[in-house]
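Shown next, in C-alpha cells, is the structure this report addresses.
Because only heavy atoms are used, hydrogens play no part in the values below, and waters and symmetry mates are left out as well, while side chains stay in. Every chain is numbered from 1 and lettered A, B, ... according to where its sequence line falls, protein lines coming before strand lines.
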Amino acid sequence: MSTEIILRAVQSARDAIHANEAEIEGLDRAIGDGDHYINIKRGADTIMELSGEMGDKPPSQALKAIAMKLMSTIGGASGPLVSSFFLAASKSEGIDEPWTPERVATFVTDGVAAIQSRGKADVGDKTMLDVLIPLAKALKEGVDAGKEPAVLRTEAVETARNGVEATRDITARFGRAAFLGERAIGHIDPGAMSSYVIVRAICEDL
Amino acid sequence: MSTEIILRAVQSARDAIHANEAEIEGLDRAIGDGDHYINIKRGADTIMELSGEMGDKPPSQALKAIAMKLMSTIGGASGPLVSSFFLAASKSEGIDEPWTPERVATFVTDGVAAIQSRGKADVGDKTMLDVLIPLAKALKEGVDAGKEPAVLRTEAVETARNGVEATRDITARFGRAAFLGERAIGHIDPGAMSSYVIVRAICEDL
Amino acid sequence: MKKLINTPETVLDQSLAGFGRAHGDLVSVFFSPRYLTRTKKKEGKVAIISGGGSGHEPLHAGFVGVGMLDAACPGEVFTSPTPDQMLAAAEAVDAGAGVLFLIKNYAGDIMNFEMAMEMFEGESASIIVNDDVAVESSTHSQGRRGVAGAIAVEKIIGAAAEKGYDLAAVKALGDRVNSSAATIGVALTSCTVPAAGKPTFEIGDTEIEFGVGVHGEPGRRREVLRPVDEIVTEIMGVIKEEISPSGDVIVIVNGFGGTPLMELYLVFDRVAQLCDDEGLTIARSLVGNYFTSLEMQGCSITIVNADDEMLSLWDAPARTAAINWG
Amino acid sequence: MKKLINTPETVLDQSLAGFGRAHGDLVSVFFSPRYLTRTKKKEGKVAIISGGGSGHEPLHAGFVGVGMLDAACPGEVFTSPTPDQMLAAAEAVDAGAGVLFLIKNYAGDIMNFEMAMEMFEGESASIIVNDDVAVESSTHSQGRRGVAGAIAVEKIIGAAAEKGYDLAAVKALGDRVNSSAATIGVALTSCTVPAAGKPTFEIGDTEIEFGVGVHGEPGRRREVLRPVDEIVTEIMGVIKEEISPSGDVIVIVNGFGGTPLMELYLVFDRVAQLCDDEGLTIARSLVGNYFTSLEMQGCSITIVNADDEMLSLWDAPARTAAINWG
Ligand SMILES: Nc1ncnc2c1ncn2[C@@H]1O[C@H](COP(=O)(O)OP(=O)(O)O)[C@@H](O)[C@H]1O
Ligand SMILES: Nc1ncnc2c1ncn2[C@@H]1O[C@H](COP(=O)(O)OP(=O)(O)O)[C@@H](O)[C@H]1O
Ligand SMILES: [Mg+2]
Ligand SMILES: [Mg+2]
Ligand SMILES: [Mg+2]
Ligand SMILES: [Mg+2]
C-alpha cells in the first residue's frame, strides 16, 4: 500500500539526515543560526516513532498525521514549511488511490506550492525552494513526457543537485541568511541541502 | 638628608616591581587572585607621584604621607600591611635624626612588627613575613655585631632570597593561598616575592 | 561545550520546571505543549501572548505576570515555538477581550504564529517587533530582526492592557512603540546551542561582530575590538539616523548573557554622555541582562523615542520574575 | 582579553558613573574616595555599610537603597577597598544609631575594614560573612570565605535596621543568618581581571573547579564536568553536613556572571527536587546573577536554614537596583 511507501520514504529521509549531520549543521552555522540539522532531525525522529500507528492508515491520514506532528515538533522556519508540504499532500487529489507517477507528481507539486504560499519565497531566494520548485517541475514534465520511473528518479536527483548548487552563489531574500547580505554568497543554503539529501535518499532507496 | 634616601629607595622599589611584573603576577595567579602585581604597582606609582612634595619633609612626615597614600591606594591584603610598615616606621624612635645602621635596623624592625600585628601571621605561614621577619632579624644582629653597611646589604639580600625560597614548599596559613591547602605547595608566595625584589633592588641601588 | 545541564534534550523542560518552582506565585507552567501563563486571569482584559526560541532568558517567561504578558510560549533553543503551543496558550488566557500575539520578526516565528492564528477561533491581532537597525532593510524581504525593543513593547502594552485598553488600541500602541525603537548589538564571543554542542560562529580573539543578531546572526561587519566609547558612539549614530530621537527617550542597555554588569553600566555611562551631547533626556533606563543569547558576550543598545503615554505605562506596576516595579 | 571597556584604569569609575546615572533615584555616587549611599538618610536607623572588591556586580552597589544597605564601598576589581572609603562612607551615613560594617571574610577586607573601624569615631560593630563551606576551615587560619550568603545577610539585616533594630540586635541577627547559611560554588570557566588582561586561572575544556571561590580561587578539586544533577547532589550533600538544614530554607542559586539564566533555573530545579526528598520546604528562593565573578561561568548554591523572623525580613520591602520587592 502507498502508506508503506511513505513509511519507507520517511525512514530513508531520516537516515539521510542523520548521515549528513555535519554538512547540514555546518551550513546553518555558517549562514543561519546552526539549528537546522537539529530541527529536521527532531522532526524525522518523531515521525519514525509514529510509524507503528500509521501502517494501517490510508495515505491521506498518514500524511496528515505526519503534518500535524511535524508542525508541533520542528518549530523554526522549517517546521511550518515542511508541515505545509505534508498537509497539502494529504489533501492532494487521488492521494488515497493507488499511486501512479502522475499522482506522485501531483502531490509533490501541491506540497511544494503550499511551502511557497506559506513562506512567500520563490526560486532564486536561496531557500529549500531552489531545490523543491525545480524538482516538482521536472517531475511533472517527466511524467507528462511519459518517462520511466527509473529515469524520473535519476532526473529528480540531478535536478535537486543543480538546485542545491544554485543556492551557493546568490544572496538570500528569505530566512536568516537574508540578514547576511553579500556575506551569504559562497555558502549553500542549509534547507536546500537537507531537501536535496532527502530527495536523493528517497529516489535511491525506493 | 634621609628623606632623599627614602625617595631613592621608593624609586628602586618601583623599578624593581615593574621589572618583575610577569613573575609576581604569575605567582598570585597561581595561588591567589592574580592582582598582587597590580596592587603594589598602583601603590608604588602613586608614591612616585608624591615624590615632588616630599623632598623637603622630615622622614617621619614623608613616611607617614607614604603610609596614608598606600593605605588609600593599594587595598587588598597587601595595602594595610605595607601601609602599617610605613606608619610604624614613621613613628620609629629617632627616625628624624641622621640615619645610622642602628636606626635603619630599628625602623625596619618596627615596621615588620606592625605588619605582624596587623596580619597575625608569622614565619612559616607562606606570606611576605617569611622574607621580612628574617630580614629584620638579620639586620639587627648584623648591626649589633658591628658589620659594615656593604656586608649588611649583601646579607640582607641573601636572607631575603632564602626567605622567598622557603615559601615554596609549605602550605599557607594566611592570605588567599591558605584556601588552597596542599595545592599551594610548589609555588612561591607572591607577597614574599615582591618583598624580595624590593629588598634586593634597594640594597643594590643605595 | 561546557554547560550546567544534564543532556541537551532535557535542558528546556528542566529549566522551565525550575522556573515554575521558583516563581509559582507569578506563573503556571505547562509542558505538553509548552507554555506559561500568569497565575491569575483578569476577565475582560486583552490577553498578550509572546513566545520565541528559548535561550534568551529572562525573555519571555520572565515577563509573564501582572502588568506584562499573560502567556509565553518557549520554543527549543533559538527555534521558534510551534503553533500548538500558541494555540493552547491563547485558549488558556483569552479573557473575552481578544488575544494579542507579540511576534519578533523572524521567518520561523512569523510562520508558526500565523498558523496558530489561523487555527485560533477567538478574536486576535498581532504585533511584529522589528527594531534591529543593524540590518539595512532594503537588502532582503524579511526586514529587520526583532531584538531588545521587544522588552519595551512588552512592558508598555502589558501595562496598557492591564489598564483596560481594547485590542485595537493595544495593537496600535505596540506598533507605535516598535516603530519608535531602534537597537544595535555587538558581540565579543559566540554562544553555543546545547543541542549543537559547538559555538554558533567563529570569532577571533580580537574581533567583534558589529550589529550581531540575538542568535549570533552576522551583523554589519566583523571588525577589531575598539575602545567601547567608540563602539557606542557609532551605534548611537546609526540609531539617530534611523529614528531621529528627540526629547524624552527610554534607554535599554541589554547584556547578551556573558558580559558582566560592570561593563553594561560602563556602556550606559557612554550612552548617557552622548544623550547629554544631543540634548536628549533619558527619561527611563534599564541596564541588565533581559534579552540574552545564551552565554554570548556583548550587549545591545536600544533607544525608544518616548511620549508621555509610553512613559507612564513604563512606570505602571509589573509583577514578573524579571521586571518588578511600580 | 575581550571586554566592553576603554582602559583597565577607567573601568571602575566609568561603570560607577553609569550606575549612578541609571539609579540616581536610589543612590548617590562619590568618587574620591569611592562610595555610594542611598539617596535618603533615615535618622535614628542603624547604618549598614558593606564593600569589597569590584567585579561582583550587582553586589554591593546594587543592594544600596531602602531596606538593604546604606552605603557600599567598591574596591578595585577583586581587591578590597581601602579604609578611607569606609571611613568616608561611615561618616556620611551614620544616622545616630551606629554603623554596622558587613565584611566578607578575606584577609584584605578584614584588615582594611579594621583600619577604618579604628579610625571611625562613631559607634560601630561588624559582621564577618564566611559561608563558603567548600573550604574545610581546619586547614588554615583565615577560615571560610564569604560568598553568596552575603546576599541573604544584607537583605535580612537591611530589613531589620529599617524596622528599628538597634546595633547590637542587627549584629546578632546578621551573625545568626551567617551561621545558618552554607554555600558551594562550581566554575566552568575562568574570569579575567581587566588590569591583569589574562584569565585568572587555566581550566581545561572538560574541567570544572568544584568549590571555586568568587575570585576564581581554587576549591576542593579540579574534576571532569559531569551531568549537573550529580554536581548539585554533591553540593547539597556537603551543605547538609555543614548546617543540617531542616524545615524552612531559603535557596539562592547564584550565577557567576557568564552562565545563562536557563541553566540557573535548571540547577534550581534539581535543588528543589533534593529539598523535596529531604523534606525541606523552600520557603523563599532567589535565582539569578547577584554575586558574580566578572564573566566567569558557573554558579553557587546557598542554603539558609531560616526561621520566621528571617523569612518575614526577607519579604520586607527593598528598593535597590538589584532587589526590589515587598
Ligand atoms: N520563507 C521561506 N521559504 C522557504 N524556505 C525558507 C523560508 N525561510 C527559511 N527557509 C528555509 O529554512 C531553512 C532554515 O530552517 P531552520 O534552520 O530549521 O529554521 P530557522 O531559520 O528558524 O532556524 C533555510 O535554510 C531555508 O531553506
Ligand atoms: N595576614 C597576612 N600577613 C602577612 N602577609 C599577608 C597576609 N595575608 C596576605 N599576605 C600577603 O599578601 C599577599 C597578597 O597580596 P595581594 O594579592 O595584593 O592581596 P589580595 O590577597 O587581597 O589579593 C600574599 O602573597 C601574602 O604575602
Ligand atoms: Mg536555523
Ligand atoms: Mg591578590
Ligand atoms: Mg532557529
Ligand atoms: Mg585581590
Side-chain angles (χ1 to χ4, degrees), chain C residues 2-7 10-12 14-22 54-55 57-58 62 77 186 188-189 191 205-208 225 227-229 231 251 253 257-272 282 285-289 292 294-295 297-299 321 324-325, chain D residues 2-7 10-12 14-22 54-55 57-58 62 77 186 188-189 191 205-206 208 225 227-229 231-232 251 253 257-272 282 285-289 292 294-295 297-299 321 324-325:
Chain C
K2 267 185 170 178
K3 292 184 184 286
L4 293 170
I5 63 174
N6 292 296
T7 65
T10 54
V11 171
L12 184 50
Q14 193 175 353
S15 179
L16 282 174
F19 186 85
R21 290 280 308 242
S54 294
E57 290 67 28
V77 173
V186 56
L188 276 60
T189 60
C191 44
D205 276 351
T206 59
E207 284 180 334
I208 62 170
L225 179 60
V228 72
D229 279 359
I231 299 172
V251 173
V253 174
T259 281
L261 212 45
M262 190 175 208
E263 295 173 36
L264 300 181
Y265 280 114
L266 192 156
V267 166
F268 179 74
D269 179 65
R270 179 64 180 166
V271 173
I282 301 183
S285 65
L286 191 64
V287 180
N289 293 288
T292 60
L294 296 167
E295 67 279 81
Q297 287 181 10
C299 74
N324 183 29
W325 69 57
Chain D
K2 267 184 169 180
K3 290 183 185 285
L4 293 170
I5 63 172
N6 292 297
T7 64
T10 54
V11 170
L12 184 50
Q14 192 175 353
S15 178
L16 282 174
F19 186 85
R21 289 280 308 241
S54 294
E57 291 67 28
V77 173
V186 56
L188 276 60
T189 61
C191 44
D205 276 352
T206 59
I208 62 170
L225 180 59
V228 73
D229 279 0
I231 299 173
V232 174
V251 173
V253 174
T259 281
L261 211 46
M262 189 174 209
E263 295 173 35
L264 300 181
Y265 280 114
L266 191 157
V267 166
F268 180 74
D269 179 65
R270 179 64 181 164
V271 173
I282 301 184
S285 64
L286 191 65
V287 180
N289 292 288
T292 62
L294 296 167
E295 67 279 82
Q297 287 181 13
C299 75
N324 183 29
W325 70 55

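- Interface check for chain D: of the options C/Gly258, C/Ala22, C/Gly288, the most heavy-atom pairs under 4.5 Å are formed by C/Ala22.
- With hydrogens and angles ignored, the 3.5 Å screen pairs no side-chain donor or acceptor of D/Gln297 with any backbone N or O of D/Thr189.
- Atom-to-atom distance recorded for D/Glu263:CD and C/Ser15:OG is 8.5 Å, nearest 0.5 angstrom.
- Looking at D/Val271, neither its backbone nor its side chain comes within 4.5 Å of chain C, counting heavy atoms on both sides.
- Looking at C/Ile282, the atoms closer than 4.5 Å to chain D (heavy atoms on both sides) all sit in the side chain, from C-beta outward.
- The distance from atom CG of D/Leu16 to atom CG of C/Leu266, rounded to the nearest 0.5 Å, is 10.0 Å.
- In terms of modelled atom types and a separation under 3.5 Å, the side chain of C/Thr259 and the main chain of C/Gly298 share a donor-acceptor contact.
- For the residue pair D/Asp229 and C/Asn6, a side-chain donor N or O sits within less than 3.5 Å of a side-chain acceptor on the partner.
- For D/Ile5, the parts lying near chain C are the backbone and the side chain together; criterion is any non-hydrogen pair under 4.5 Å.
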Exercise for review: Carefully, step by step, assess D/Val11 and C/Met262 under the rule side-chain contact (heavy atoms from CB on, under 4.5 Å).
Suggested key: CA-CA 8 Å; D/Val11 170; C/Met262 190 175 208; 3.8 Å; yes
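- For a residue to count as touching a neighbouring chain, one of its non-hydrogen atoms must lie under 4.5 Å from one of that chain's; by this rule C/Val251 does not touch chain D.
- Proximity to chain C (any heavy atom under 4.5 Å) is restricted, for D/Asp205, to the backbone atoms N, CA, C and O.
- In this structure, chain C has heavy atoms under 4.5 Å from both the backbone and the side chain of D/Glu295.
- Within the 4.5 angstrom heavy-atom criterion, only side-chain atoms of D/Val287, from C-beta onward, approach chain C.
- Between the side chain of C/Thr292 and the backbone N or O of C/Glu57 there is at least one donor-acceptor pair closer than 3.5 Å.
- Heavy atoms of C/Thr7 lying under 4.5 Å from chain D are absent altogether.
- Note on D/Lys2 versus C/Glu207: no salt bridge recorded, every NZ/NE/NH1/NH2 to OD/OE distance being 4.0 Å or above.
- When each of D/Ala272, D/Gly257, D/Gly20 is checked for heavy-atom pairs under 4.5 Å with chain C, D/Ala272 comes out on top.
- In this structure, chain C has no heavy atom under 4.5 Å from any part of D/Cys191.
- Counting heavy-atom pairs under 4.5 Å between each of C/Leu12, C/Leu188, C/Leu261 and chain D puts C/Leu188 at the top.
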